2 protein chains.
Amino acid sequence: MKPMGPIPPDFAAAGPLAIGGRSAASLIAEAGDTPLFAYDFAAVARRIARFRAVFPGVALHYAIKANPYAPLVAAMAPLVDGIDVASAGEMARAIGGGVGAADISFAGPGKRDREIEEAIRLGVTLNLESEAEGARALAIGERTGIRPRLAVRVNPEFEIRGSGMRMGGGARPFGVDASRAAALVQAIVRGGAEWRGFHIFAGSQALDAAAIAETQAATVALAAALAEEAGEVPPLVNLGGGFGIPYFPGDTALDVEAIGTALAATLAARPAVLGETRFAIELGRWLVGEAGVYLTRIVDRKTSHGELFLVTDGGMHHQLAASGNFGTVVRRNYPVAVADRLGDAAEETASVVGCLCTPLDRLADKVALPRAEVGDVIAVFLAGAYGATASPQAFLGHPPAREILVGVPAGDDRAGQLAGQPQFS
Amino acid sequence: MKPMGPIPPDFAAAGPLAIGGRSAASLIAEAGDTPLFAYDFAAVARRIARFRAVFPGVALHYAIKANPYAPLVAAMAPLVDGIDVASAGEMARAIGGGVGAADISFAGPGKRDREIEEAIRLGVTLNLESEAEGARALAIGERTGIRPRLAVRVNPEFEIRGSGMRMGGGARPFGVDASRAAALVQAIVRGGAEWRGFHIFAGSQALDAAAIAETQAATVALAAALAEEAGEVPPLVNLGGGFGIPYFPGDTALDVEAIGTALAATLAARPAVLGETRFAIELGRWLVGEAGVYLTRIVDRKTSHGELFLVTDGGMHHQLAASGNFGTVVRRNYPVAVADRLGDAAEETASVVGCLCTPLDRLADKVALPRAEVGDVIAVFLAGAYGATASPQAFLGHPPAREILVGVPAGDDRAGQLAGQPQFS
């Protein structure tokens, strides 16, 4: 028997699984079939509300790459201060979700001329990844007669300690090295663009609050030093994100309150050059990851050499990360459960596998579960981020997963209450 | 500087890259843009011809999961004796490619009732993965009044030594344990189905001919023992595949001639119970993997901390395996080249990265290349199998890759010459 990660606190510990107050069976009936990603918007809204309470005056950006499901983006748009996109496709998704172009920023190391032009025409901010990209953006601005909105993405010398994924420190394809950032700012301003500030992203999926707080302090210091060096005041500093969620046994939830306290102190003591600057935190996984559940039905129950396999109609083509094949070296178990029997005592050890004809397709390895039969639904938690779009959906010719969003109140007026004031004062 | 794997022998060692006699530039112009998967059908046809020469009388099946691109399947269909599919979607693709239902077999551990019913209605052979699946197939046959065609997939006690991916030996979700296979055959026959034989798959991506030959001998012996135990003669034994291709530094091409010699001896000496049995080898990667090239254009050329990055418009969303994130533990470099300068002396060390905003998106790590500029095309070889469909194409909202097939002769009559005689005598 192997351990699994913790089920997020948004779900009751016992009884049939409810997502946004709806049973798995009713969601599957509404969506038409399994496999199904179900996202609970109320869980997302709780994260946003918690952010607002903890980081008053700090802008909240949603990194749409974590989950670009259109109804989710549309529901989130009124509650956040900005949407960060990584392609023209995501930009279109954000615009389609009702996000104003002024609230969108576009980062990504391989922007093509036509993507840059589209962003400039729309008025979207481009986070520049290199001097050459800056020159291309200025030339397109010149050609189109539209003043580009440009921010500078900086590759910092530091990274979040213990970060799940290193985005800064040393040689990286992202942003420009800190030593060259001020010169790029000057080139942008000289070139006639509207300079929007800095984007400094130093890691992701970190669970150590002190490490994130340290990184945020270093980021503010770096932004101040670069502003002094450039002789320009950044309107906005995007501090990046890096807020992780617990996936695996032993992981504990991030203490965001500790980060909030530390950041408030950092910002209160910030250098004068940043006195008028706004600050933003860019979050994806932390906002939506725990709010999603992947529901997949057991098609076969079989034993081989005394081991039990629950074969499902889903798999790694929808939830690649849960199979351990997406940026992880050692495979560990995401939390899973028999959907109508959360909290029931374990009766057997089973491996939950997908329907793909490859040994890579394992959603849970030798986990303890109550007895499950053919027709029962398995819930794979932590499926709200980097699920459907981060998986090879066409692999082996199975249909794509269905998606459903629940928990969006009719005539929601919480948007105004939750949106807060993005200006730090 | 890190090494890379060998460029397949189908491509000239020097000069501009030609695929099926066409330049990369002309293929990109025809397809409309990069990123582009270009498949050379002549290279596939050479593999098929080599198989026919080496394995006279052994049926050749194509495992469509390796590359289900419709024009490729349609071009291959007349040259092979069977198509192995892993989903209803692949079954439809095969039928659409002109393959007769009698030449299609459907394996996969999570078949749903409606997939089973569709296969039975079409006359496709189902490779049963469990006793319960067999019972479902018989019940559906009863209900529809159509006699199902059923083969038994066996989980053997052995696996190919040094196999890249273990598909047999010990507890597995695939097939039924050898100890229970004969009973399942008897249940099928008793249930009134047409029993089509055994499917025994013991590994994949092996480069050791002796190991494959040993496994084939063990597979024939196992099939004979099971046939004796069941008291039934299998019409067909699918010996599986497992033929690998060289991806990485130090890999050498598989000696298929040695396998052919050994298999001929094995079959000549086979037990009497298999005297009338046909044998098939099921290949995917070996047939198509080396025939494909992924072409992606350089969008940016940048340095960070003294390291050079060539940022392209493609990436892991199209070629996940090349990024090292698909079933590999240690990342190694696929062969890559600057498309119009094959064989030119290396002038610099560069990492080729994709356009995705994640450090996972690296197509080549610190490889030696001739100097490449923005606008140049990078060729990533070994992209013919497990490329486009085995990658998270929707990740970060970039467009899907284009695909093109070249090298299909007009009015091709080689089909007849190549198809050979599938009956072993």
Side-chain angles (χ1 to χ4, degrees), chain A residues 65 68 85-90 93 107-112 129-133 155 165-167 170-174 177 299-302 304-307 309 311-313 315 320 325-327 329 351 353-360 374 388-399, chain B residues 65 68 85-90 93 107-112 129-133 155 165-167 170-174 177 299-302 304-307 309 311-313 315 320 325-327 329 351 353-360 374 388-399:
Chain A
K65 66 158 82 75
V85 303
S87 67
E90 288 190 352
R93 184 62 65 100
K111 300 185 199 82
R112 293 166 165 215
E129 305 278 353
S130 72
E131 291 88 349
E133 193 176 281
N155 175 29
M165 201 171 277
R166 297 156 64 114
M167 302 286 278
R172 303 284 166 200
F174 309 111
D177 291 350
V299 175
D300 204 354
R301 180 188 156 88
K302 60 186 287 190
S304 171
H305 291 263
E307 286 186 27
F309 294 90
V311 184
T312 67
D313 61 6
L320 184 63
N325 289 290
F326 200 66
V329 174
S351 290
V353 300
C355 61
L356 300 195
C357 219
T358 162
L360 299 176
V374 169
T389 58
S391 302
Q393 294 232 28
F395 195 36
L396 268 58
H398 290 280
Chain B
K65 68 159 79 77
V85 303
S87 68
E90 287 190 354
R93 184 62 66 97
K111 301 185 198 83
R112 295 167 165 215
E129 305 277 353
S130 72
E131 290 88 350
E133 193 175 283
N155 176 28
M165 199 171 279
R166 297 155 64 116
M167 303 284 279
R172 301 285 166 199
F174 310 110
D177 291 349
V299 175
D300 204 353
R301 180 188 157 90
K302 60 186 286 191
S304 170
H305 291 262
E307 286 185 27
F309 294 91
V311 184
T312 67
D313 61 7
L320 184 63
N325 288 291
F326 200 67
V329 175
S351 290
V353 300
C355 60
L356 300 194
C357 218
T358 162
L360 300 176
V374 170
T389 58
S391 302
Q393 295 230 28
F395 196 35
L396 269 57
H398 290 280

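Since the model is a prediction, treat every value here as computed from it, not as a measurement. Letters go in sequence order (proteins before strands), and every chain restarts at 1.
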Q) Between A/Pro109, A/Ala86, A/Ala88, A/Gly315, which has the largest tally of heavy atom pairs under 4.5 Å with chain B? A) A/Pro109
(Q) As an exercise: rank A/Ala388, A/Ala390, A/Gly89, A/Gly108 by heavy-atom pairs under 4.5 Å with chain B and give me the winner. (A) A/Ala390
Which answer fits [X], side chain, backbone, both or neither, if we ask what part of it has an atom under 4.5 Å from a heavy atom of chain A?
| X | answer |
| --- | --- |
| B/Pro173 | both |
| B/Glu131 | neither |
| B/Leu396 | both |
| B/Phe309 | side chain |

Side chains of [X] and [Y]: does their closest heavy-atom pair fall under 4.5 Å?
| X | Y | answer |
| --- | --- | --- |
| B/Ser304 | A/Phe174 | no |
| A/Asn155 | B/His305 | yes |
| A/Lys111 | B/Val299 | no |

Quick one: pull up [atom1] in [X] and [atom2] in [Y] and give me the separation to the nearest 0.5 Å.
| X | Y | atom1 | atom2 | result |
| --- | --- | --- | --- | --- |
| B/Leu320 | A/Asn325 | CG | CG | 8.5 Å |
| B/Glu307 | A/Arg172 | CD | CZ | 9.0 Å |
| A/Asp313 | B/Arg112 | CG | CZ | 4.0 Å |

Q. Of the non-hydrogen atoms in A/Lys302 and B/Glu129, which two are nearest, and what is the gap between them?
A. NZ-O, 2.6 Å
Q. For chain A, which of B/Val311, B/Val353, B/Thr312 has the most heavy-atom pairs under 4.5 Å?
A.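 The residue among B/Val311, B/Val353, B/Thr312 with the greatest pair count is B/Val311.
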Q) Short question: side chain of B/Lys65, backbone of A/Thr358 - any donor-acceptor pair under 3.5 Å? A)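 No, because the side chain of B/Lys65 does not come within donor-acceptor range (under 3.5 Å) of the backbone of A/Thr358.
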